[in-house]
Each structure stands twice: as structure tokens, then as C-alpha cells.
Amino acid sequence: MTMASKTKPIIIEIFSKPDCHLCDEAKQEITKMKKRFLLDVREINITESPDVYEIYKLEIPVILINGRKAFKYRVEADQLLKRLLSEARP
């Protein structure tokens, strides 16, 4: 049984930009977790907003889980799993 059947969606925001290999790797790890969790994944291209670009330009990818910064630069599968499990608890 997946955690997705018991919980409301976990909101994941990915601040990234085109041609960013670390961003692509982070997205792959997050996509894998969709099999276990109900995720609402939102990708934000930082190049589309000068304000957002200034905040995140040196840190991408930046991953927020339910509005809190969870990762920057790299997303490790085991750490992502721990974070999602803690968010999925009732």
C-alpha cells in the first residue's frame, strides 16, 4: 500500500532552470517517489522572473517541501524518502 492513498498531496516546488544537470537529477529522484507518495510537483523556472532568479541563481536546484526549503544542489534518494515520510505522517 502506498502512502498516497492515506494522505493529502505533499507539495514539492523545484526551483530550476533549463540546461541544469543537477536540476534534472533532482527531478528524476522526485519522480521516482511518485510511486509511493501523492505529490503535487511544481517546477519554477527561475529565469522567468528577475526577482526569483536573484534569490536562487547560485543555489539551484532548490527544493521546497510543503513550503520549507529541504534541499539545494543535490537531492539524495534516502534523504528525500525520510523527508517525505515525515511529511506524510498524520
Side-chain angles (χ1 to χ4, degrees):
M1 176 186 256
T2 66
M3 298 294 289
S5 63
K6 293 184 170 186
T7 61
K8 63 182 180 178
I10 298 170
I11 299 169
I12 297 182
E13 296 167 283
I14 306 169
F15 290 85
S16 65
K17 68 177 185 175
D19 301 317
C20 167
H21 76 280
L22 291 177
C23 301
D24 293 339
E25 290 174 13
K27 291 174 196 175
Q28 287 176 353
E29 290 302 328
I30 291 165
T31 298
K32 291 176 192 175
M33 294 296 170
K34 286 183 173 181
K35 294 176 184 172
R36 292 189 62 181
F37 299 92
L38 180 58
L39 302 178
D40 178 355
V41 179
R42 303 169 185 178
E43 293 186 40
I44 298 95
N45 180 345
I46 66 168
T47 64
E48 293 177 355
S49 167
D51 292 337
V52 174
Y53 181 79
E54 282 305 312
I55 294 168
Y56 294 111
K57 67 183 177 184
L58 299 177
E59 297 185 338
I60 62 167
V62 174
I63 312 301
L64 276 57
I65 299 177
N66 286 336
R68 292 184 301 276
K69 188 187 273 189
F71 300 96
K72 68 179 181 180
Y73 308 127
R74 295 198 179 275
V75 175
E76 300 294 334
D78 61 334
Q79 293 300 314
L80 178 60
L81 178 60
K82 285 181 187 179
R83 295 298 288 261
L84 295 176
L85 285 169
S86 71
E87 292 293 329
R89 288 193 183 114

query = From Ile12 CD1 over to Arg42 CZ, what is the distance, rounded to the nearest 0.5 angstrom?
reply = 10.5 Å
task = Measure the CD-CD distance between Glu76 and Glu29 for me, rounded to the nearest 0.5 Å.
result = 7.5 Å
query = Linking I/L/V/M/F/W/Y whenever their side-chain heavy atoms sit closer than 4.5 Å, directly or via other members, would Leu85 and Val75 fall into one cluster?
reply = yes
query = Around atom CG of Asp78, are there more than 12 heavy atoms of other residues, nucleotides or ligands at under 6.0 Å?
reply = yes
remark   = Value for OG1 (Thr47) from CG (Asp19), rounded to nearest 0.5 Å, stands at 10.0 Å
remark   = Correct closest heavy-atom pair for Phe71 and Ile65 would be CE1-CD1, 4.2 Å
key: Minimal non-hydrogen separation, Leu84 against Ile10, with atom names   = O-CD1, 3.8 Å
key: Evaluation steps, side chain to side chain contact (heavy atoms under 4.5 Å, CB included), between Lys32 and Leu80   = CA-CA 10 Å; Lys32 291 176 192 175; Leu80 178 60; over 6 Å; no
request  = Can you see which heavy atom on Ile14 is nearest to which on Lys27, and at what distance?
outcome  = CD1-CG, 3.9 Å
ask   = Looking at Arg83, Glu87, Glu13, which hits side chain to side chain donor-acceptor pair (under 3.5 Å) with Asn66?
value = Glu87
ask   = Which residues pass the side chain to side chain donor-acceptor pair (under 3.5 Å) test with Lys69, sequence neighbours left out?
value = Glu59
message = Run Leu38 and Lys8 through side chain to side chain contact (heavy atoms under 4.5 Å, CB included) and show every step you take.
response = CA-CA 7 Å; Leu38 180 58; Lys8 63 182 180 178; over 6 Å; no
ask   = Please walk me through it: do Leu22 and Glu25 pass side chain to side chain contact (heavy atoms under 4.5 Å, CB included)?
value = CA-CA 5 Å; Leu22 291 177; Glu25 290 174 13; 3.9 Å; yes
task = Output the distance between atom CZ (Arg36) and atom CE (Met33), rounded to the nearest 0.5 Å.
result = 7.0 Å
ask   = side chain to side chain contact (heavy atoms under 4.5 Å, CB included) between Lys57 and Glu54: does it pass, once the steps are laid out?
value = CA-CA 6 Å; Lys57 67 183 177 184; Glu54 282 305 312; 3.1 Å; yes
ask   = In the hydrophobic clustering (ILVMFWY, side-chain contacts below 4.5 Å, transitive), which residues join Val62, or is it alone?
value = Phe15, Ile44, Ile46, Val52, Tyr53, Ile55, Tyr56, Ile60, Leu64
